[in-house]
Amino acid sequence: MKEVSSEKIGTLRDIILDRADSRKKELVAGARQEAEEWLLRETEKLQRETNLILQDARKRAEDIRRRQILSAEREKSTETLRLQNRILSEALGRLQDKLVHMREREDYVNILAGMCIDAITSLRETKGLKLRLSAVDAGLAGPIISKVEEFIPEAEIIFDPETAPILGGCWISTNDDRRQVNSDWQSLTQEMADTLAERLLPLL
């Protein structure tokens, strides 16, 4: 009788474990899909902000071009290059200012969490990760990590109290610091430099 009971118990245990494993896979798949959809929405919001900044920068570039065109004719190549650099620097500065001012938005924690999720995806790691924030944003670490873990349940991420020398955004790295993704406003601005140049410089 004892052997029969043990066999039944073993069978029931296997059934329960199979069901638990199946449920876990469903939950992970659902969480991943939610994270992808949420990240897509946040990316679209940032893209809309960027488009508004580009529109404003384009208007300013046109105004500057009209004011400078007469003097630029005398030293065309030198003056045009100087003007292009100035306008590009100004546009990059305005873009960075806009990004910094996103701190005033109610969904700022969600934006930072979305950037962390994007950085984790780039690292292709979910275990043993560190999060660094700017000194101003350090107090948001807890809510940000909670939001990240909500969308990536398997993520193992801790907050590094050593603040990052950034204006906003986040740095995600492995515990050994061998790999790191900088998803901060300065880095994003630099990444946008080529796009801004392609759109602004033909106007000059």
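Worth knowing before you read on, the calculation uses all heavy atoms, side chains too, and leaves out hydrogens, waters and symmetry mates.
Leu129 places none of its side-chain heavy atoms less than 4.5 Å from the side chain of Ile158. Considering only heavy atoms from C-beta on, Leu95 stays 4.5 Å or farther from Leu188 through its side chain. Val148 is not listed as a side-chain neighbour of Leu131, based on a closest heavy-atom distance of 4.5 Å or more.
The residues Asp107 and Lys45 are annotated as salt-bridged, a charged nitrogen and a carboxylate oxygen being separated by less than 4.0 angstrom. By the 4.0 Å N-to-carboxylate-O rule, Glu90 lies close enough to Arg60 to be salt-bridged with it.
Rounded to the nearest 0.5 Å, atoms CG (Leu123) and OG (Ser183) are 10.5 Å apart. Taking SG from Cys170 and CG from Asp118, the interatomic distance works out to 9.0 Å, rounded to the nearest 0.5 Å. Distance check: Lys147 NZ to Leu112 CG gives 12.0 Å after rounding to the nearest 0.5 Å. Taken from CD in Glu156 to OG1 in Thr126, the straight-line distance is 7.0 Å, to the nearest 0.5 Å. Atom CG of residue Leu140 and atom CD1 of residue Ile145 lie 11.0 Å apart, to the nearest 0.5 angstrom. Residue Thr174 holds its OG1 atom at 7.5 Å from CD of Glu125, rounded to the nearest 0.5 Å.
A donor-acceptor pair under 3.5 Å links the side-chain atoms of Thr189 to the main chain of Trp185, judged by distance alone. Side chain of Arg132 to main chain of Glu162: a donor-acceptor pair is present (N/O by atom type, distance under 3.5 Å, no hydrogens or angles). Side-chain atoms of Lys130 never come within 3.5 Å of backbone atoms of Asp176 as a donor-acceptor pair (strictly under, hydrogens ignored). Under a 3.5 Å cut-off, the side chain of Asn182 and the backbone N or O of Asp184 do not form any donor-acceptor pair.
What you find for Ala119 and Ile172 is that their closest heavy atoms are CB-CG1, 3.7 Å. Residues Cys116 and Ile144 share a closest heavy-atom pair of SG-CG2, 3.8 Å. Taking all atoms of both residues into account, the shortest heavy-atom contact from Ile166 to Gln186 is CA-NE2, 3.4 Å.
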Test Asn51 against Gln55 for side-chain hydrogen bond (donor to acceptor under 3.5 Å, both in side chains), laying out the working first. CA-CA 6 Å; Asn51 288 338; Gln55 289 175 12; over 6 Å; no
As a quick check of understanding, evaluate side chain to side chain contact (heavy atoms under 4.5 Å, CB included) for Asp160 and Trp171, giving each step before the final call. CA-CA 10 Å; Asp160 185 345; Trp171 286 2; over 6 Å; no
Residues Leu167, Leu99; criterion side chain to side chain contact (heavy atoms under 4.5 Å, CB included); working and verdict: CA-CA 9 Å; Leu167 297 173; Leu99 292 172; over 6 Å; no
Stepwise, does the side chain to side chain contact (heavy atoms under 4.5 Å, CB included) test hold for Tyr108 with Asp137? CA-CA 10 Å; Tyr108 185 58; Asp137 295 331; 2.8 Å; yes
